[in-house]
Amino acid sequence: LQLLRAPAVQSKLSSRPQTSLHPAKMKLYSLSLLCCAAALRPSTRGIRKSVFYATSTRKRTQKPKAPQLDTTTDERVVHMDDIPIYPASSSEARVPASAANAAMYEAELEEEEAARAKDDLCRTMFARFARGQELLRRNHGAPVLHSPDTLDLFVGDLAAGGVAPDVIELLQRMREGAMLNGAGGTQGGRLQLSLACLNKEDEFQDAVKEAYFREGDVHFELFPSTTKSIESFCSLLAAEASLRERPIKVLLPADAHYAWTNVLAKYESHPYLKSMHLSMDDDRILKETRFRPGDLVVGVYTLANTVSGRATNVEWFQDVLAYCEGEGASTAHFVDAALAGLCVAKDTLDLRADEDVEEILEGAIGLVQSGFKDFGLSSMLFLDDAEFECCGRRDERGLQNAVAGGAHALIKHAPVTSIPESPTLAFLLYAREYTAFRKSSFVELCAKLRKAIPEDVDYELRPLFPLLHLEFADQAVTESLTDALMATYSLITIDAEPNVVRLWPTPTNHDVADAIAAFFE
């Protein structure tokens, strides 16, 4: 419309002759003029594009230029290139100061609650740990470490028995050193080897061998665990078999500890060392095995099974060895008395109601006992090495002679070294006194149980030192008593003997008699 009002257009229109137009043509003509006017309108796409590139290449730290001031009109002349493009503002609403403080306070409360929950969890875990320690202290179903309380009671018993006060003081210091030193050692401020290595004293060796095994030319070593003692003995058998180039067969009855199976499984590829798993119900493996003159057969006799507490059947075991001898092989047997702990096994046979194993103990070529069942003295291994050729070749050089008291074949071929020192070694000098102390405690608990159980209850108290079997005629009574004691004492039950409650008497857990008396009230 502005174009139609222009003077040039008006002059051209006025110079034309005045003619009358049809209204429809007039309307069409007006639309054509409007279209032409729209086509002549300048485009701003280029300007917008130039503004984008101008602002996008500007440094972010550079402030936008202020609009130019027109002094004549006092108006700001704004150019499109000078208009900066700012990022879009956040759609989040601004939080008032009061709301921000409330959120901060809420976060602090959550943090304090999390810290409090962590403290409560720590207290709960410590309570569970303390409860577990208490269950271990009063454990009746499995062999456990007896805790320092047992040693305290034993030292008191020695003092009452007339042991010199200065010796009692030394034993107390050794007991404390054992708790601090663990298994001894020569690093990190521990006792020095020259001062602590009581194991190298001949008088000490003779006293321990005579008490636990027998007198004579036998070897004694102290290993970190029963499994390590078994590994050392099996490695000695492998070295002996290779030296002889003759087979050595190890007989494992079904009640042998699983450590024997695991260790001997490592020698499956050995050309001469073989293991045989036997069962009283099946002699097929024994009958199918060929024995020849020169073969050595070593039977493993278990004095007390970890779960059942029973010993290997003596008559069956002797018949198996006799069969091997009849086939021409030489026989020997090794006694696994780990469950006896540091008690002298041969002095506790009067508290075993199942087998007479005195002959087995006297004729054994080796014996293992685990000190973990008492005051943490690891595992003792005794060996009569007269039958082994590899033990006759001594080498007095090297680390074994300096540390382990001699380069015996048991150490030379073992995968681990022995423990030459421990502060509690001195307690082994009083091995018989400790055995008498444990036996008296065992008998005392048996007397308390006989008083706790009513006379009208049909039961049998069967001692299998160090375990005690309480067998009831009624299986329902056994199940109810087991359920009542399970929350306080860790009991082991086996399907083969559903009427037996298995107890592990120690000098610190006689309160089980009170619990049984309360059950029958």
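We use all heavy atoms of the structure for the numbers below, so side chains are in, but hydrogens, waters and symmetry mates are not.
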Test item: [X] side-chain N/O and [Y] main-chain N/O as donor-acceptor pair under 3.5 Å:
X      : Y      : result
Arg352 : Phe465 : yes
Arg214 : Glu362 : yes
Arg432 : Cys343 : no
Asn313 : Trp316 : yes
Tyr267 : Ser275 : no
Ser235 : Ser232 : yes

Shortest non-hydrogen contact between [X] and [Y], atoms and distance:
X      : Y      : result
Ala345 : Ala337 : CB-CB, 4.3 Å
Leu461 : Leu449 : CD1-CD1, 4.0 Å
Thr478 : Val500 : CG2-N, 3.8 Å
Ala265 : Glu268 : O-CG, 3.1 Å
Ile494 : Ser308 : CD1-CB, 4.4 Å
Ile360 : Gln318 : CD1-NE2, 4.0 Å

Are any of the side-chain heavy atoms of [X] and [Y] separated by less than 4.5 Å?
X      : Y      : answer
Val512 : Leu445 : yes
Lys448 : His510 : yes
Pro463 : Phe442 : yes
Phe382 : Gln369 : no
Phe223 : Met380 : no
Ser379 : Leu222 : no
Leu264 : Val250 : yes
Phe520 : Val477 : yes

For Asp157, all residues meeting side chain to side chain contact (heavy atoms under 4.5 Å, CB included), sequence neighbours excluded
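For Asp157 the side chain to side chain contact (heavy atoms under 4.5 Å, CB included) partners, ignoring immediate neighbours, are Phe437.
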Partners passing side chain to side chain contact (heavy atoms under 4.5 Å, CB included) against Glu325 (at least two apart in sequence or in another chain):
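Applying side chain to side chain contact (heavy atoms under 4.5 Å, CB included) to Glu325 gives Thr331.
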If we ignore angles and hydrogens, is there a donor and acceptor under 3.5 Å between the side chains of [X] and [Y]?
X      : Y      : value
Asn509 : Trp504 : no
Thr227 : Ser225 : no
Thr226 : His257 : no
Glu221 : His219 : yes
Asp255 : Thr312 : yes

Pairwise distance [atom1]([X]) to [atom2]([Y]) - rounded to 0.5 angstrom:
X      : Y      : atom1 : atom2 : answer
Leu428 : Phe220 : CG    : CZ    : 6.0 Å
Phe233 : Asp336 : CZ    : CG    : 11.0 Å
Leu296 : Cys324 : CG    : SG    : 10.5 Å
Leu236 : Ile248 : CG    : CD1   : 8.0 Å
Leu286 : Phe291 : CG    : CZ    : 5.0 Å
Met276 : Thr289 : CE    : OG1   : 3.0 Å

Is [Y] paired with [X] through a side-chain N to carboxylate O contact shorter than 4.0 Å?
X      : Y      : value
Glu471 : Arg502 : no
Arg310 : Glu497 : yes
Lys266 : Glu231 : yes
Glu240 : Arg244 : yes

Hey, which of Thr435, Leu342, Val155, Leu158 is the one that makes side-chain contact (heavy atoms from CB on, under 4.5 Å) with Tyr430?
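Per the side-chain contact (heavy atoms from CB on, under 4.5 Å) rule, the option paired with Tyr430 is Leu158, out of Thr435, Leu342, Val155, Leu158.
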How about Glu444: does its CD atom have over 12 heavy atoms from other parts shown lying under 6.0 Å from it?
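Enclosed.
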In this structure, are over 12 heavy atoms from other groups packed under 6.0 Å from Glu210 atom CD?
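Count over threshold, so yes.
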Tell me whether the NZ or CZ atom of Lys346 lies within the 45° cone about the ring axis of Phe213 and under 6.0 Å from its centre.
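Not satisfied by the 6.0 Å and 45° rule.
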Phe427 and Phe154 aromatic ring geometry - parallel, tilted or perpendicular at 30°/60° bounds:
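The rings of Phe154 and Phe427 sit tilted, inter-plane angle from 30° to 60°.
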Show your reasoning for whether salt bridge (charged side-chain N to carboxylate O under 4.0 Å, His left out) applies to Lys439 and Asp350.
CA-CA 10 Å; Lys439 289 177 63 177; Asp350 57 328; 3.1 Å; yes
Using side chain to side chain contact (heavy atoms under 4.5 Å, CB included), reason through Leu321 and His333 one step at a time and then give a plain yes or no.
CA-CA 9 Å; Leu321 295 182; His333 61 275; 4.3 Å; yes
Could you go through the side chain to side chain contact (heavy atoms under 4.5 Å, CB included) check for Thr493 and Thr482 one step at a time?
CA-CA 9 Å; Thr493 59; Thr482 301; 3.9 Å; yes
Salt bridge (charged side-chain N to carboxylate O under 4.0 Å, His left out) for Asp354 and Arg462? Distances and angles first, verdict last.
CA-CA 9 Å; Asp354 56 346; Arg462 185 169 57 249; over 6 Å; no
Determine whether Leu383 and Val218 satisfy the following criterion, side chain to side chain contact (heavy atoms under 4.5 Å, CB included), listing intermediate values before the conclusion.
CA-CA 6 Å; Leu383 180 66; Val218 297; over 6 Å; no
So Lys249 and Val298, side chain to side chain contact (heavy atoms under 4.5 Å, CB included) or not? Walk me through it.
CA-CA 6 Å; Lys249 296 180 174 64; Val298 179; over 6 Å; no
Are Phe334 and Tyr301 close enough that their ring centres sit under 6.0 Å apart?
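Between Phe334 and Tyr301, the centre distance exceeds or equals 6.0 Å.
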